[in-house]
Participant: 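Below is a structure I'd like to ask you about.
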Amino acid sequence: MNTHTPQAHTGHDPAFDEVMREVMATASGFGHREHIHLTWLAVRSHGTGAAVGLVSDGIRRTARYAGAPQKYNATVSRAWVELVGHHAAEGDEDDFDEFAARHPALLDKRLLTRFYHPATLAGRQARTGWTEPDRAPFPWTTARPPHVTERAASS
């Protein structure tokens, strides 16, 4: 777990700062669970579509502020928001711990490798813009992602 504690950056985006403050009020560091908590709060407050921009922009700014802009990945940010949004729409949990207990797979930071090859996520296109899943479709889609053969899809 990353023990770096990001600070809210007042003046950049009050909505992002608000969800960041709420997450950090009870956290000792900012690891994957806190990312998911922040995303869940953003989805609940603003809806999945708006949360994509809110979370992505906030994480990009935070990475830049921390001197590590290369750590931002546009596809990873959007994919996590969409996954959290999909699962949040399935239930009505008012408590993040309840939500996390109901959807424990979201707490596995390797979850995206079910949908993406690691090389795809590491690529320039994924880091700078949206890349569709290339290993398996997201649960809310029925279309098979490009480059997935019948044999690979049935494995």
Side-chain angles (χ1 to χ4, degrees), residues 1-116 118 120-123 125-142 145:
M1 176 189 247
N2 182 353
T3 58
H4 171 69
T5 304
Q7 300 297 314
H9 306 298
T10 305
H12 291 292
D13 186 335
F16 182 79
D17 292 349
E18 181 180 328
V19 293
M20 179 64 85
R21 272 191 298 276
E22 186 169 340
V23 169
M24 296 313 297
T26 59
S28 60
F30 196 80
H32 181 69
R33 182 182 180 87
E34 290 75 25
H35 272 277
I36 298 302
H37 189 180
L38 180 135
T39 301
W40 178 76
L41 288 169
V43 164
R44 285 178 38 92
S45 297
H46 303 282
T48 300
V52 168
L54 178 74
V55 171
S56 296
D57 292 345
I59 290 173
R60 182 184 312 115
R61 274 193 316 278
T62 301
R64 190 172 46 238
Y65 180 82
Q70 73 283 0
K71 288 189 174 188
Y72 175 74
N73 183 306
T75 297
V76 169
S77 292
R78 177 176 164 184
W80 279 114
V81 174
E82 290 191 12
L83 283 165
V84 169
H86 169 72
H87 292 296
E90 293 177 341
D92 60 352
E93 298 89 1
D94 288 327
D95 178 73
F96 177 71
D97 290 331
E98 290 175 19
F99 174 77
R102 185 167 179 205
H103 305 287
L106 293 172
L107 299 180
D108 180 358
K109 64 183 176 180
R110 298 173 310 234
L111 178 63
L112 291 186
T113 62
R114 292 183 189 174
F115 308 101
Y116 291 94
T120 301
L121 290 177
Q125 172 58 37
R127 285 183 285 117
T128 60
W130 174 245
T131 300
E132 291 289 334
D134 64 346
R135 179 171 269 173
F138 285 125
W140 57 89
T141 63
T142 57

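Throughout, numbering of the chain's residues begins at 1 and tracks the sequence.
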Participant: Quick one: CH2 on Trp80 to CD1 on Ile36, what's the gap to the nearest 0.5 Å?
Facilitator: 4.5 Å

Participant: Please name all residues satisfying salt bridge (charged side-chain N to carboxylate O under 4.0 Å, His left out) with Asp95, sequence neighbours left out, ordered by chain then number.
Facilitator: none

Participant: Which atoms form the tightest heavy-atom contact between Val43 and Gly85, and what is the distance?
Facilitator: CG1-CA, 3.8 Å

Participant: Starting at CG of Leu121, measure out to CZ of Arg135 and round the result to the nearest 0.5 Å.
Facilitator: 9.5 Å

Participant: Using 0.5 Å steps for rounding, measure from the CD atom of Glu34 to the OG1 atom of Thr26.
Facilitator: 8.0 Å

Participant: Side chain of Arg44, backbone of Glu93: donor and acceptor closer than 3.5 Å?
Facilitator: yes

Participant: For Phe30 and Thr62, what are the C-alpha separation, side-chain angles and deciding distance, and is it a side chain to side chain contact (heavy atoms under 4.5 Å, CB included)?
Facilitator: CA-CA 12 Å; Phe30 196 80; Thr62 301; over 6 Å; no

Participant: Whether the side chain of Tyr116 engages the backbone of Thr75 through a donor-acceptor N/O pair (distance < 3.5 Å, no angle test) should be reported.
Facilitator: no

Participant: Sequence neighbours left out, what passes ring pair (Phe, Tyr, Trp, His ring centres under 6.0 Å) with His103? Give chain and number order.
Facilitator: His87, Phe99

Participant: For Phe96 versus Trp40, what's the shortest heavy-atom pair and its separation?
Facilitator: N-CH2, 3.3 Å

Participant: Measuring from Met24:CE to His37:NE2, what's the distance to the nearest 0.5 Å?
Facilitator: 11.0 Å

Participant: Where is the tightest heavy-atom contact between Ala74 and Thr128, given as atom of each residue plus distance?
Facilitator: CB-C, 3.8 Å

Participant: If you take all heavy atoms of Asp13 and Ala15, which pair is closest and at what distance?
Facilitator: OD1-N, 3.0 Å

Participant: Which donor-acceptor pairs under 3.5 Å do the side chains of residues 47-60 make with protein atoms, sequence neighbours left out?
Facilitator:
| residue | atom | partner | partner atom | Å |
| --- | --- | --- | --- | --- |
| Ser56 | OG | Val52 | O | 2.7 |
| Asp57 | OD1 | Arg60 | NH1 | 3.0 |
| Arg60 | NH2 | Tyr72 | OH | 3.3 |

Participant: Side-chain contact, heavy-atom cut-off 4.5 Å: Ser77 with Thr39?
Facilitator: no

Participant: Rounded to the nearest 0.5 Å, what separation is found between the CG atom of Leu112 and the OG1 atom of Thr120?
Facilitator: 11.5 Å

Participant: Answer yes or no: is there a donor N or O on one side and an acceptor on the other, between the side chain of Glu82 and the main chain of Ala79, under 3.5 Å?
Facilitator: no

Participant: Could you give the distance from NE2 (His35) to CG (Leu106), rounded to the nearest 0.5 Å?
Facilitator: 14.0 Å

Participant: Which heavy atom of Ala126 sits nearest a heavy atom of Asn73, and at what distance?
Facilitator: O-OD1, 2.9 Å

